Amino acid sequence: MRQLLRTPTGVIGLALVAATVILAIVGPPIWGEAAETIDAGAALQGASAEHLLGTDNLGRDILARVLAATRFSLLLAVLATVIGVGLGLLLGVLPSVLPRRAARLVTGAVNALVAFPALLLAMFTAVVSGLGARGAVLGIGMAIAPGFARLTQTLAASVAGADYVAAARLLGVPRWKIATRHVLPNIAEPVILNVTAVLGTGLVAMAGMSFLGLGVQPPEYDWGRLLNEGFGRIYLDPVVALGPAAAIILAGLGFNMVGEALAKSAARTSASAGPVSAAEVAPDDSAPDADAVLEVKDLTVTFPGGVTPVRGISLTLAPGEIVGLVGESGSGKSLSAFAIGGLVPYPGTVTSGRLRLNGTELTELGQAKRRKLLGTSMAMVFQDPMASLNPALTVGGQLAEVATVHQGAKRSAAWARAVDRLKHVRIPDPEKRARQHPHEFSGGMRQRAVIAIGLMGSPKLIIADEPTTALDVTVQRQILKLLREVSADTGAAALFISHDIAVVSELCHRVVVMYAGRIVEELPVSELAGGAAHPYTKALVASLPDLDTDKGEPLAAIPGTQPAPAEAGTGCAFAARCALADQRCGERPPLKEFGKAHTVACWHAGTVEIEVATR
Amino acid sequence: MIIENLTVRFGSFTAVENLTLEIPPGSVVGLVGESGSGKSTVAKAICGLVRYEGRMSGVDPKRVQLVFQDPYASLNPRMTVGASVEEGLSALPRGRRKDEVERLLSLVSLPPEFAGRYPRELSGGQRQRVAIARALGARPELLVADEITSALDVSVQGAVLNLIRGLQAELGLSMLFISHNLAVVRYVSDVVAVMHRGRLVEIGPAERVVGAPEHAYTRELLAAVPRLRH
Ligand SMILES: Nc1ncnc2c1ncn2[C@@H]1O[C@H](COP(=O)(O)OP(=O)(O)OP(=O)(O)O)[C@@H](O)[C@H]1O
Ligand code: SF4
Ligand SMILES: [Mg+2]
């Protein structure tokens with residue numbers, strides 16, 4: 001609702017709809033009597049102070065009649081919509097429930113009906129079922145149904161193709177249950193949005209029927225009927241026709257605008273950036289690291305209800321450095337990356353003592369400036385390249401857009417740079433490929449294209465969140481090589497997030513291990529295989545199967561589960577799964593220096609050395 | 001299950017071509033290959049989710065279960081984890097379903113409280129474990145696992161692989177195990193099959209394929225396996 005009030009379309013639409021509904025409620029009691037009062041002496045008058053919109057052939061006040069007719073007009077539109085939407089939903093969902101052949105029959109019938117002119121369908125139904133309000137409502141309902149059925153079908157088909165529906169089918173869940181449990185709830189939102197717009201269309205169509213004399217018959221009257229009565233006099237007294245016409249248009253427009261604004265705000269909420277505040281954490285007083293590309297101190301991500309998936313992590317990346325962020329799924333790796341990129345989804349909040357990108361404190365910038373800085377000096381690559389690409393646009397066009405939007409480049413220059421960047425990420429035949437759409441690319445090529453988008457600016461930092469998890473090993477190897485080259489060529493630092501510790505060990509210079517929202521160990525990659533000090537890191541290394549693992553033995557695995565963000569207590573979060581845990585572990589171990597460029601948060605990590613402040 | 005001359009076409013594109021493969025009862029056949037080589041299409045054909053040409057015999061099609069690759073698409077976002085897992089338990093009396101859901105969740109090392117959660121509150125790895133629990137609940141004769149561990153952490157991957165081998169020994173479960181990770185495939189499978197561009201290029205006992213690969217593509221795959229630097 002609040003979203004709705006943010007656009008002018010939404011505000012105007014909502015005001016119109018509210019006015020219509022209020023009039024529908026209060027209209028008849030207030031003006032009902034005046035609307036029926038016959039005054040033969042005042043028949044067929046034009047506009048006057050007494051009758052603002054003139055009078056009809058029986059001398060009744062047209063303004064009063066228009067206002068009083070609101071209820072009936074709206075009621076008829078609602079009835080027609082209910083019939084049309086109900087029928088449409090039924091026809092639309094049936095194909096995903098029926099056996100294949102019957103489904104095809106329904107789809108074919110709907111397609112034929114959609115092709116049939118809606119107005120003819122409405123008139124035909126209205127005439128067949130008898131002139132009058134009832135026939136017109138049925139007719140409009142029939143005219144609404146095929147379009148709505150088509151919409152439902154399209155939506156349902158995309159849901160019916162989802163893996164979870166396939167899974168339910170494999171489990172033997174009956175068809176009707178698949179429809180009610182899986183399909184309908186997942187299409188409800190867009191369907192409801194559309195009903196609002198359909199209501200507007202229904203209102204106008206209903207008035208049209210009455211206007212043509214196929215709808216409401218005297219002595220009953222709705223807006224369409226009033227328009228019909230006034231229309232004959234339009235050259236003499238235009239105002240008598242304008243009143244009802246304005247009512248129809250304004251009300252119809254109102255519903256359509258609300259529908260449109262709703263649809264837009266629904267599309268937007270899924271992509272909105274999260275709020276950023278630095279309120280709770282005191283800014284760090286120590287001098288910032290002048291050379292660092294990224295300097296993060298005490299970064300915390302909180303969701304309402306005390307859920308804190310990221311708890312005060314600190315991280316520094318030097319130019320050209322590739323740092324691996326590893327950890328169990330749910331340890332907060334992705335959210336940390338989102339927080340740095342300002343992408344934490346609503347209602348999450350991000351706090352930080354310091355969040356500097358290339359020497360600029362991000363939290364001190366306004367939204368627009370911040371987005372611009374991130375857009376030009378940071379590149380993000382995600383696991384699913386399709387999520388970062390628009391399927392409707394050519395790949396080259398999407399790359400060029402970065403240059404025209406963020407850098408204000410000319411179109412031809414932007415296109416040339418796009419082709420050059422595609423070439424840079426080793427996409428063969430870049431001129432031709434630039435003109436293709438993402439679906440014409442293979443998975444590995446799409447990921448290259450996403451990296452190329454990041455390279456349109458001059459990124460100082462590349463954040464790659466599981467960029468190769470969806471790819472097979474040979475392609476994975478190529479993408480890793482590309483990331484390494486890009487970092488070496490441009491001097492960009494890279495934060496590489498992965499749960500695959502072997503991949504990290506091949507690519508990165510330094511490894512940061514996260515557990516339950518905290519960094520538990522940070523070490524040079526050369527130490528990983530033999531010198532890890534935290535029991536969790538050690539277990540991670542041990543549980544990795546390789547080509548010589550003994551098949552007779554069970555794989556090493558860490559018993560138990562990582563505590564959920566809301567349940568990580570005050571002690572060491574790993575204690576429940578740790579073989580070394582003792583009384584002391586009831587208190588949370590601080591991150592301490594353990595060796596050269598090596599820090600660990602564990603009471604029993606070995607010899608204790610100088611304590612490093614972590615807060 | 002015996003698969004003979006399996007061919008799957010999408011329009012003019014042939015995703016799987018003339019594939020013949022046997023999954024002997026109680027054994028695990030591993031299928032490796034690059035992305036787009038047709039591994040997932042084979043899985044979908046076996047489960048009857050795509051139209052195919054060829055013959056399949058040996059297992060009741062109703063007792064085949066599939067664990068999907070993408071944990072973000074395989075759970076209904078509007079259903080709780082418990083409700084999703086319960087979908088496969090229609091054979092059990094209503095009263096016992098809740099306990100069974102808890103047992104299945106603990107099998108995949110998830111706490112019982114997760115039954116009340118929605119998929120959006122779970123990380124990718126946690127979702128995948130739910131999907132595995134759901135498939136196991138239906139007590140399948142043939143389990144098709146399509147990249148089920150590629151979204152899991154190594155620390156949990158070990159437990160899931162151990163679990164799957166345990167279940168297989170205990171229930172005589174046959175399995176088609178699809179993965180891009182040769183080390184993982186080798187560890188769980190008795191037989192390894194290698195796919196390249198829709199065709200089978202090599203098949204043999206796991207140790208032989210890994211130890212003495214015959215096809216050039218298999219050697220390429222082996223060379224690309226990431227290893228921990230020592
Ligand atoms: N919108 C949200 N609301 C509430 N909790 C959330 C939300 N998004 C994520 N979480 C929780 O935050 C924790 C960290 O999630 P995150 O996605 O950062 O994990 P991750 O380390 O990237 O895991 P994976 O390896 O599975 O991708 C998880 O426990 C998750 O359940
Ligand atoms: S602090 Fe204690 S419980 Fe935590 S990892 Fe170290 S030994 Fe284990
Ligand atoms: Mg993640």
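Small disclaimer: the values here were computed from a predicted structure and weren't measured. Each chain gets a letter, A, B and so on, in the order its sequence line appears, and its residues count up from 1.
A salt bridge links B:Arg78 with A:Glu189: at least one charged nitrogen is closer than 4.0 Å to a carboxylate oxygen. Ion pair A:Lys177/B:Glu87 not flagged as a salt bridge, since none of the NZ, NE, NH1 or NH2 atoms sits closer than 4.0 Å to an Asp/Glu carboxylate oxygen.
Only the backbone of B:Val64 comes within contact range of chain A, judged by heavy atoms closer than 4.5 Å. Heavy atoms of B:Leu75 lying under 4.5 Å from chain A belong exclusively to its backbone. Contact annotation for A:Val173: only side-chain heavy atoms (C-beta onward) come within less than 4.5 Å of a heavy atom of chain B. Proximity to chain A (any heavy atom under 4.5 Å) is restricted, for B:Ala223, to the backbone atoms N, CA, C and O. No part of A:Glu527 comes within reach of chain B, as not one of its non-hydrogen atoms sits under 4.5 angstrom from that chain.
Residues that satisfy the ring-ring contact (aromatic ring centres under 6.0 Å, His included) test with A:Tyr515, not counting sequence neighbours, are A:Tyr536, A:Phe574. In this view, A:Phe441 satisfies the ring-ring contact (aromatic ring centres under 6.0 Å, His included) rule with no residue, not counting sequence neighbours.
Listed for the B:Tyr187 side chain is no donor-acceptor partner under 3.5 Å among the backbone atoms of A:Asp550. Put simply, the side chain of B:Asn76 gets close to the backbone of A:Arg181: a donor and an acceptor are under 3.5 Å apart. Using modelled atom types, no side-chain atom of A:Asp163 and backbone atom of B:Ala73 make a donor-acceptor pair closer than 3.5 Å.
To the nearest 0.5 Å, atoms CD (A:Glu553) and CG (B:Asn162) are separated by 10.0 Å. Between the CZ atom of B:Arg134 and the CG atom of A:Leu171 there is a distance of 6.0 Å, given to the nearest 0.5 Å.
Here the rule is side-chain contact (heavy atoms from CB on, under 4.5 Å) with B:Arg186, and of A:Asp548, A:Asp546, A:Leu547 only A:Leu547 fits it.
Among B:Ala135, B:Ala138, B:Pro77, B:Ser90, the residue making the largest number of heavy-atom pairs under 4.5 Å with chain A is B:Pro77. The residue among A:Ile501, A:Thr549, A:Val504 with the most heavy atom pairs within less than 4.5 Å of chain B is A:Thr549.
Between A:Pro545 and B:Val184 the shortest heavy-atom distance is CG-CG2, 4.0 Å. The nearest pair of heavy atoms linking B:Ala206 to A:Lys551 is CB-NZ, 3.6 Å. Nearest heavy-atom pair, B:Ser74 versus A:Tyr164, reported as atom, atom and distance to 0.1 Å: O-CB, 3.3 Å.
With a 6.0 Å radius and a threshold of 12 heavy atoms from other residues, nucleotides or ligands, B:Arg219 has its CZ atom above the threshold. Heavy atoms of other residues, nucleotides or ligands lying less than 6.0 angstrom from CZ of B:Arg97 number more than 12.
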